[in-house]
Every structure is written in C-alpha cells, then in structure tokens.
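Comments concern the structure below.
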Amino acid sequence: MVQKKKFYVTTPIYYATAAPHLGTLYSTVLADVLARWHRIQNIPTFFLTGTDEHGQKVAQAAQAAGKDPKSFVDQFIDPYKALWKKYSIDYSHFIRTTDTAHVAAVQSWITDLKNKGDIYKGTYEGWYCTPCETYITEKDFEAGQSNPPCLSCERPTSWVAEECYYFKLSAYQDKLLAFYKENPDFITPKERLAEVLSFVESGLQDLSISRTTITWGVPFPGDSRHVAYVWADALNNYITGVGYAQKGHEQEFAQWWPADMQVMGKDIVRFHAIYWPAFLMASGLALPKKLLVHGWIKVGDYKMSKSRGNSIDPDELFKAYGADAVRYYLTRQLAITQDGQFSRDDLEQKISSDLANDLGNLLQRMTMLADKLALTELSVDAWSDEERALFGQTQVMIENYTREMERGYYHLALGQVWKLLHQANAHFHASAPWKLAATDKAAASCVLTATCHVLAAAGTLLWPFMPTKMDELCERIGYKLDTSLDCVALLKQPWSGSFTIRKGDPLFIKPELNVAAQEQPVVIEKQEESFITIEDFAKVDMRAGTITACQTVDGSDKLLRLTVDLGECGIRNIFSGIRAFYVPEDLIGKQGIFVVNLKPRKMMGALSEGMMLTAEKEDGTITMLVPQVDAKNGGRVK
Ligand code: MSP
C-alpha cells in the first residue's frame with residue numbers, strides 16, 4: 001500500500017515557569033514555517049506544540065510564587081496561546097503534560113516497558129543540576145571535581161543519591177549507532193550528529209527515569225512513591241499528542257506517527273537524538289524522520305533566557321514591528337546552524353531594506369502605476385525576451401528555494417526569493433513602464449504583468465514566513481493562495497492567467513531609524529545648577545574591594561549576591577543586578593569598585609550594604625568596573 005504523504009512537525013514543549021520569550025518564539029516560528037510550507041503544497045499537516053509542566057523546577061518556582069504547582073502553571077497557558085495567536089502560529093494541538101490523556105498514556109508506556117524489562121528499579125547517585133533536571137555523567141567533569149558545572153547552564157550541580165527506576169539505555173547503544181549509520185540525515189544540520197555519535201560511542205549508561213524526592217510529576221504505575229523523571233514524561237508528548245495509547249485514537253496515531261520533523265534548540269539535542277529514539281525502539285515504535293536543531297539567540301556571550309534575566313519580550317516586538325517582520329528577521333537573520341545575536345538595529349534595517357524597499361516598494365510602484373494607467377486587469381499571452389528570462393529566473397528560484405527548505409536552511413531559501421526580487425526590481429526599473437506606456441501600452445502591461453507573476457511567486461513562497469502580509473500582497477494583485485491546491489506546483493506552470501490590481505497602503509512601514517536624532521546632534525547646554533562641585537563628588541565614598549563569594553538569589557532573575565572584602569570598611573553583603581551578564585564563578589576573586597556610603601537597603605529579604613559600579617558596553621550589555629592592577633581592598637577611589 002502506498003503511504004499517503006503527510007507532514008507531522010513538533011516544537012519542544014516549553015517549561016511553564018514563565019511567559020514565552022524570543023528564544024521559545026524562535027523554535028515555534030521555525031515549526032510554523034515548516035507546517036505552512038507543507039500546507040501550501042496541499043500536504044496534510046499536523047503541528048504539535050505545548051508546555052512541559054512537571055518536575056522540580058516547576059514545583060520550586062510555584063513554591064516561590066506561593067502557589068500550588070497546577071494553578072502556577074495554569075497562569076502561563078493563556079499568555080502562551082495569546083502570543084502564538086499574535087504571531088500567527090497555526091498549531092493543530094497544544095499539549096500540556098498535565099493533560100489527563102497524556103498522564104495516562106505515559107503511565108501505560110511505563111507499564112509496557114516495565115513488562116518488557118526495559119524499565120527496572122535501582123539506586124542512583126550523582127551530580128545533578130536542579131534547574132536543568134539532569135545528571136551529569138563522569139566523563140563530563142574532571143575526577144575529584146566537586147559540584148562540577150552543568151553542561152547546559154554551567155551552574156554548579158549538587159550530589160544526589162536516591163532509589164529510582166532506570167531505563168535500560170545501555171541496551172540500545174549498538175542499535176542507536178546502527179540507526180545513525182543508516183540515517184546520516186537524521187539531524188539537520190549534519191554537523192550536530194557528530195556530537196551525538198561521540199557521546200553514544202563513549203558508552204551509554206542506563207538512565208534514571210523516576211524520582212522519590214518530588215511529588216509534582218506523573219505517578220509511577222505500581223509504585224506510588226515515585227514520579228516519572230521529567231524527560232520520560234516530556235519526550236512522550238510527541239506520541240501522546242497524536243493519540244498514542246488512547247482508546248479511539250488508534251487511527252489518528254497511525255496517520256501521524258512517526259514525526260517528520262522535530263524542531264529544537266541545540267541544548268536539548270542529546271535528549272532527542274539519544275534517549276528519545278531509544279525510548280521508541282523499546283516500545284517498538286517508528287523513529288522520527290528528522291530532527292531540526294537550531295542555535296541560540298544570544299545576548300552578548302550568553303544564551304537569552306528568562307532565568308538569566310536577559311530575555312526580550314516578543315509581545316513588545318510585536319507591538320513595535322508586527323508579527324511578520326519579527327518572523328522574517330528570526331528566520332532570515334539567524335542561520336539555524338549558528339548562534340546569533342538579536343539586535344533591534346538589525347531588525348529595523350531588515351524591515352527597511354528587505355521588506356519595505358525590495359518587496360513592499362515593488363508592489364507599491366506596480367499597483368500605483370497600474371492604477372494610474374488604468375491597467376488594473378492584467379493578462380498577457382506574448383512575452384518579450386526579458387520577461388521570458390524573468391520567468392526562467394523565477395523557476396530557478398523555486399527550485400533553489402525548495403532545495404534549501406528541504407535542507408532546513410531557511411535563511412538561504414529566503415535569500416533565493418530576494419535574489420529574484422532584485423532581478424524583478426531591475427527589470428521594472430530598466431523597462432521603465434511609466435515611460436513605455438506613452439508609446440506602447442501593451443509593452444507596459446507586459447512589464448506590470450510579469451511583475452505580478454514574480455510577486456505571486458514571492459507571495460506564495462514567503463507565505464510560510466509572513467502569512468498575514470503575504471495574504472495582503474496576494475489580495476492586492478488578485479492572486480488566490482488556495483491551500484486545497486499545490487500552490488508551489490502552480491508556480492511552475494507557464495505564465496498565464498490574469499491579475500486584478502488594487503491600490504493600497506504600503507505593505508511595510510520603515511521604522512524610524514532614529515535618523516532625526518542622528519542628524520540633529522543634541523546640544524546639551526548644562527545649566528549652572530546641574531553641575532556638581534568637587535565637594536559634592538567627595539560625598540560619594542567609593543572603594544576597591546575583592547569579591548570573595550557570590551550566589552544567585554532565589555526568586556530574582558536579575559540579582560547576584562556578592563560578599564565583598566572592603567578592607568577597613570569590612571566584609572559587606574552587596575546585591576548587584578548583573579545576573580544576566582555574569583555567572584557567580586566568574587566573579588569570585590575579582591576586584592571591583594563599590595560605593596560604600598549608600599544608605600543600606602533591604603533587597604530580597606537581605607540587606608545590601610553598597611553598590612558595585614558597572615558600565616554599559618557597545619552591545620548594550622553590562623561590564624563591572626575593574627581596577628587595572630591589584631588595588632588595596634578598601635582603597636579609596638578618587
Ligand atoms: N521543556 C524542555 C523541552 C522538552 S521537549 C520534550 C525545554 N524547555 S525550554 O522552555 O527551556 O526550551 C525550549 C526550547 O526553547 C528549546 O528548543 C530551546 O533551545 C529554545 N530556546 C530557549 N532559549 C533559547 C534561545 N535563547 N535561543 C534559541 N532558542 C532557545 O528545554
């Protein structure tokens with residue numbers, strides 16, 4: 001029987017400990033682009049996203065907020081769904097790991113594997129990272145090292161010993177290696193497979209998949225003291241979300257599983273490329289066809305994250321620039337193969353040059369001229385050589401675009417569309433239809449119609465990235481994007497058919513690039529009273545000091561708590577809002593400059609007895625001020 005073509009795409013499920021940020025939006029936009037890319041080819045598509053709601057991290061965050069875990073996680077669901085709606089994320093199902101159907105299906109998965117002998121009871125001891133809910137293995141730290149840092153977040157781990165259930169991961173080492181060998185394209189980009197291979201080749205240990213130390217999780221069937229460890233619970237969402245182990249959903253599961261593409265950030269590739277296939281092998285299920293692994297959005301040297309306090313609010317960007325411009329920026333500016341920086345200046349630049357100029361202006365010039373020449377119903381039978389060439393360039397673009405989309409290189413696929421837009425702009429400019437119309441209206445009409453064909457191709461292929469704006473673009477030229485047809489195949493037909501042109505507002509507005517501010521230097525004429533005297537300055541007592549200890553502060557994603565040796569001024573406790581830019585270990589032993597005569601202030605339940613001086617860097621991040629050579633602790637700064 002020929003299997004009917006379908007496409008099942010997933011995002012990671014996001015920790016329900018805070019509202020979404022730009023990093024989580026990024027994973028979700030990529031999955032949405034993929035889903036839409038298949039929908040415009042009329043391929044039945046299922047897109048799963050959702051939230052990861054169990055585990056110690058969630059329980060701790062709930063406790064800090066004074067809520068029970070379920071009402072704590074509940075509060076984030078609407079913000080997630082509302083943001084996804086604003087960003088046109090057209091998911092088929094939003095799964096929550098607290099859904100009854102998911103919990104029951106995970107329990108049935110555990111029972112099945114216990115019966116098969118792939119899950120057994122034992123004891124676990126090891127270094128554990130609470131925030132990432134993961135143990136680090138011996139090969140990841142130096143022998144004898146105490147509290148070695150977590151591989152993902154680099155925070156210190158703590159020693160844990162507990163009774164737990166194990167998944168027999170070691171039994172799957174050879175099968176996994178054989179699978180990678182047979183499926184060298186399992187991971188995009190390919191280079192990431194190397195990391196996975198070397199991890200598996202260096203030997204897999206059985207995986208602890210239950211906890212007795214926490215209660216907020218899926219109760220382990222047959223042993224109520226245990227709950228399922230978060231990855232055994234969370235990874236299974238990809239099958240429970242399409243009906244696994246749910247009566248009456250057998251057909252749904254058979255239709256969608258295996259996933260065709262699973263999108264994730266590079267931090268969780270190991271869980272998806274090793275544990276997840278092994279879990280599936282153990283339960284006799286097919287493996288996902290591909291993993292798409294993207295890099296991180298960084299701020300300075302650090303991954304953008306809520307816990308570091310350096311995250312960017314996608315809602316704010318939506319209000320300032322609109323969803324489609326942000327979606328475009330995320331997919332064009334950031335290559336999935338690499339980490340990338342987010343910059344508002346770059347975003348504004350891209351909106352101006354790519355969206356407003358290259359794309360929006362082409363549509364605007366064409367529609368305005370068509371209206372002026374009363375050529376609003378356009379169709380052409382005979383093309384000039386130049387237009388035949390443009391048709392050829394369009395076909396090349398479609399082919400290259402398709403190849404890049406299939407490879408997962410979205411920034412390059414977009415680059416192909418822009419190459420064609422440049423060619424179409426050049427053709428429009430060189431043919432000068434506004435002049436041509438005076439002598440040869442039919443030729444002017446040809447230029448306008450060819451431009452419409454290019455815009456129809458661009459509108460179709462950019463629709464996965466910018467659905468709202470591309471619907472608007474297609475509407476302006478009277479082109480119907482009908483997802484009940486293969487819209488991409490239609491673009492490969494010889495150019496025929498007609499367009500009905502409508503004038504309208506520009507598709508994209510150029511953001512103010514602060515030109516006004518740059519062109520008119522601000523002359524600050526300081527009023528006499530705004531100066532301070534040397535006596536005023538002398539009132540601020542600043543001293544050099546050495547940071548002897550440093551900790552994160554529970555409940556604050558901004559603050560670090562420093563213990564500072566200030567010589568004659570004593571040992572002080574000083575809070576500093578630099579958590580987004582430093583990890584505690586970076587600071588211990590460093591000298592800084594501190595204001596020591598600020599009125600002590602209570603912060604997060606403790607007294608802050610001073611202030612550390614910092615300065616802003618070019619990229620907007622913060623650096624502490626450090627004496628050039630060792631200064632005396634308590635030495636006065638003048
Ligand atoms: N709950 C787990 C995933 C379980 S999947 C079975 C998790 N959640 S998360 O909320 O921390 O992150 C989810 C996704 O968001 C990951 O793919 C992660 O890489 C992505 N991002 C979070 N911050 C990011 C950036 N700063 N940049 C790009 N993506 C990042 O992990």
Side-chain angles (χ1 to χ4, degrees), residues 9-31 48-58 61 73 76-77 79-80 83-84 89 95-98 102 106 109 129-134 150-153 187 192 209 217-218 228-241 259 261-277 279-280 288 291-314 326 329-331 333-342 557 580:
V9 61
T10 66
T11 70
I13 45 171
Y14 304 108
Y15 287 126
T17 45
H21 65 80
L22 201 63
T24 42
L25 176 69
Y26 181 45
S27 287
T28 318
V29 164
L30 286 175
L48 182 72
T49 190
T51 40
D52 191 352
E53 305 188 2
H54 289 129
Q56 195 163 1
K57 188 150 73 174
V58 177
V73 291
F76 298 114
I77 305 307
Y80 260 100
L83 191 83
W84 290 168
I89 305 295
I95 189 167
R96 302 180 55 180
T97 51
T98 50
H102 170 80
V106 169
W109 176 82
C129 174
T130 306
C132 296
E133 307 195 39
T134 184
C150 167
L151 290 189
S152 268
C153 73
I187 302 180
R192 298 228 179 267
I209 58 154
V218 174
Y229 160 61
V230 70
W231 286 102
D233 165 9
L235 286 165
N236 277 311
N237 92 86
Y238 301 130
I239 49 176
T240 66
M261 185 69 100
Q262 304 211 254
V263 177
M264 73 209 61
K266 64 178 188 181
D267 45 333
I268 52 177
V269 65
R270 186 190 298 177
F271 306 105
H272 286 78
I274 302 172
Y275 303 169
W276 181 223
F279 287 177
L280 289 165
L291 308 183
L292 180 80
V293 183
H294 62 76
W296 287 338
I297 304 179
K298 287 182 146 186
V299 177
D301 288 342
Y302 295 110
K303 177 188 172 199
M304 181 187 294
S305 73
K306 286 268 171 191
S307 55
R308 273 203 182 271
N310 62 356
S311 62
I312 289 169
D313 179 6
V326 178
Y329 175 80
L330 289 176
T331 44
Q333 186 78 4
L334 304 170
I336 59 141
T337 41
Q338 284 159 10
D339 293 342
Q341 297 284 334
F342 174 83
D557 50 16

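Each ligand, and each atom within it, is numbered from 1 in the order the structure gives.
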Expected output: side-chain Thr24 to main-chain His21 donor-acceptor under 3.5 Å: yes
Identified side-chain contact (heavy atoms from CB on, under 4.5 Å) counterpart of Trp296 within the set Gln341, Lys266, Met304, Gln338: Lys266
Taking every non-hydrogen atom, the tightest pair across Phe279 and Trp231: CE1-O, 4.0 Å
Subset of ligand 1 atoms that lie under 4.0 Å from at least one heavy atom of Met264: 17 (O)
With Leu30, the side-chain contact (heavy atoms from CB on, under 4.5 Å) member among Leu330, Thr331, Val9: Thr331
Per-atom contacts of ligand 1 with Gly265, taking only distances under 4.0 Å to non-hydrogen atoms: 16 (C), 17 (O), 19 (O)
Residue portion contacting ligand 1 (non-hydrogen atoms closer than 4.0 Å) for Ile297: both
Contact atoms of ligand 1, heavy-atom distance to Tyr238 under 4.0 Å: 5 (S), 6 (C)
Nearest candidate to atom 1 (N) of ligand 1, where distance is taken over non-hydrogen atoms, out of Asp52, Asn236, Leu330: Asp52
Under 3.5 Å: donor-acceptor pair, side chain of Asn310, backbone of Lys303: yes
Option of least heavy-atom distance to atom 25 (C) of ligand 1 (set: Pro131, Ala18, Cys153, Gly23): Gly23
Side chain to side chain contact (heavy atoms under 4.5 Å, CB included) assessment of His294 paired with Leu334: CA-CA 9 Å; His294 62 76; Leu334 304 170; over 6 Å; no
Side chains of Tyr14 and Thr28, donor plus acceptor under 3.5 Å: yes
Ligand-side contact atoms (ligand 1) for residue partner Ala234, heavy atom cut-off under 4.0 Å: 6 (C)
Between His102 and Asp233, a side-chain donor and acceptor under 3.5 Å: yes
Test item, His21 contacting ligand 1 (heavy atom, 4.0 angstrom): yes
Proximal ligand 1 atoms for Gly295, defined as those under 4.0 Å from one of its heavy atoms: 28 (C)
Heavy-atom gap Ser311 to ligand 1 smaller than 4.0 Å: no
Atom indices of ligand 1 within 4.0 angstrom of Met304 heavy atoms, with elements: 23 (N), 24 (C), 25 (C), 26 (N)
Backbone N/O of Glu53 and side chain of Thr97: donor-acceptor pair under 3.5 Å: yes
Distance filter under 4.0 Å to Tyr14 heavy atoms, resulting ligand 1 atoms: 10 (O), 13 (C), 14 (C), 15 (O)
Centroid-centroid under 6.0 Å between Tyr275 and Phe271 rings: yes
Nearest neighbour in protein (non-hydrogen) for atom 3 (C) of ligand 1: Ile13 O, 3.3 Å
Nearest neighbour in protein (non-hydrogen) for atom 29 (N) of ligand 1: His294 CE1, 3.3 Å
Trp231 heavy atom under 4.0 Å from ligand 1: yes
Closest candidate by heavy atom, reference atom 10 (O) of ligand 1, pool Tyr26, Tyr275, Tyr15, Phe342: Tyr15
For atom 20 (C) of ligand 1, closest protein heavy-atom neighbour: Ser27 OG, 3.7 Å
Close-contact set for ligand 1 against Asp267 heavy atoms, below 4.0 Å: 18 (C), 19 (O)
